[in-house]
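Values reported hereafter were calculated over all heavy atoms of this structure, with side chains retained and with hydrogens, waters and symmetry mates removed.
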Amino acid sequence: MTRTRLTTVEDVPESGSFLFTVRERDGSEEEVILVRCDDADADDPVTAWRNFCQHETDQRLDRGFGAAVRAGEVVCPKHGSMFDTCTGYCDNGKAAESYLSGVDVAVDDGVVYLTDSTVEYSHDGGIDDEDDEDEGPSSTSHLTF
Ligand code: FES
């Protein structure tokens, strides 16, 4: 299985998100957020979701400065629907009865890996942040195994 190192669990904010960009099979780019999942029964302490609301899919959850995460839920900045960080499920507001679109990640020894074979890691940050790729100190840390 191919996996790409994304970051560490420690670097995923408790009340925010870690944003990165993937390339979908059709060649398009999509933003993905990593958020904490505190459910002891969950497989991993971090989950990944495509960065858009299910009510209006052009609405980003993380607009470049971290998604709002409160009490285990990602809050949509537009109408306030809340999505469970562990399951992606929303039972309230305009996006009620929907699930965020998930991306497979796995945690191994405190490190978060992208394991979803339907997407390819592109770069940290949002789609528009690609030019910054070579500037950050973490740019050399994304190893694919
Ligand atoms: S756009 Fe997210 S709840 Fe309406």
_I want to check something: taking the side chain as every heavy atom from C-beta on, are Glu56 and Lys94 in contact at a cut-off of under 4.5 Å?_
no

_Leu6 and its side chain to side chain contact (heavy atoms under 4.5 Å, CB included) partner, picked from Val32, Thr115, Val46, Val105_ = Val105

*Could you check Val9 against Val112 for side chain to side chain contact (heavy atoms under 4.5 Å, CB included), going step by step and ending with a plain yes or no?*
CA-CA 6 Å; Val9 172; Val112 186; 4.0 Å; yes

*Between Glu24 and Arg50, is there a salt bridge with N-O shorter than 4.0 Å?*
yes

*Do you reckon Val12 sits in the same ILVMFWY cluster as Ile33, going by side-chain contacts under 4.5 Å, direct or chained?*
no

*Any sub-3.5 Å donor-acceptor pair from Arg36's side-chain atoms to Thr85's backbone N or O?*
no

*Check: Glu31 side chain, Ile127 main-chain N or O, donor-acceptor pair, under 3.5 Å*: yes

*asked:* Counting only heavy atoms from other residues, nucleotides and ligands, does the tally under 6.0 Å from CG of Asp26 exceed 12?
replied: yes

*May I ask you to decide if Thr8's main-chain N or O and Asp11's side chain share a donor-acceptor pair within less than 3.5 Å?*
no

*Give a yes or no on whether the backbone of Tyr89 and the side-chain of Thr87 come within a donor-acceptor separation of less than 3.5 Å.*
yes

*asked:* Within this structure, what is the CG-CG distance for the pair Leu19 and Leu61, rounded to the nearest 0.5 Å?
replied: 10.5 Å

*Give the intermediate values and the outcome of disulfide (SG to SG under 2.5 Å) for residues Cys86 and Cys37.*
CA-CA 5 Å; Cys86 298; Cys37 163; 2.1 Å; yes

*To the nearest 0.5 Å, how far apart are OG in Ser17 and CH2 in Trp49?*
13.5 Å

*asked:* Distance alone, cut at 3.5 Å: any donor-acceptor contact between the side chains of Tyr121 and Asp124?
replied: yes

_Does Arg60 qualify as a cation-pi partner of Phe52, given the criterion of NZ or CZ under 6.0 Å from the six-membered ring centre and within 45 degrees of its axis?_
no

*Would Val74 and Leu34 show up in the same hydrophobic cluster when neighbours are defined by side-chain heavy atoms closer than 4.5 Å?*
no

*Take Val119 and Val103 through the test side chain to side chain contact (heavy atoms under 4.5 Å, CB included) and record every step on the way to the result.*
CA-CA 8 Å; Val119 298; Val103 170; 4.2 Å; yes

*Atom NE2 of His55 and atom NZ of Lys78: how far apart are they, to the nearest 0.5 Å?*
8.0 Å

*Measure the CG-CG distance between Asp84 and Leu100 for me, rounded to the nearest 0.5 Å.*
9.5 Å

*So, the side chain of Ser81 versus the backbone of Asn92: is there a donor-acceptor pair under 3.5 Å, distance only?*
yes

*For the side chain of Ser98 and the backbone of Ala95, is there at least one donor-acceptor N/O pair under 3.5 Å apart?*
yes

*Student check: side-chain heavy atoms of Tyr113 and Val107 closer than 4.5 Å*: no

*Determine, for Glu29 against Arg23, whether the closest basic-nitrogen to carboxylate-oxygen distance falls under 4.0 angstrom.*
yes

*Under 3.5 Å, side chain of Asp44 to main-chain N/O of Thr47, donor-acceptor pair present?*
no

*Does any non-hydrogen side-chain atom of Gln59 lie less than 4.5 Å from one of Pro77?*
yes

*Is a side-chain donor or acceptor of Asp108 paired with a backbone partner of Val111 at a separation under 3.5 angstrom?*
no

*Examine distances only and state if a side-chain atom of Asp104 and a backbone atom of Asp116 form a donor-acceptor pair shorter than 3.5 Å.*
no

*From Gln54 atom CD to Tyr99 atom OH, the distance as rounded to the nearest 0.5 Å*: 11.5 Å

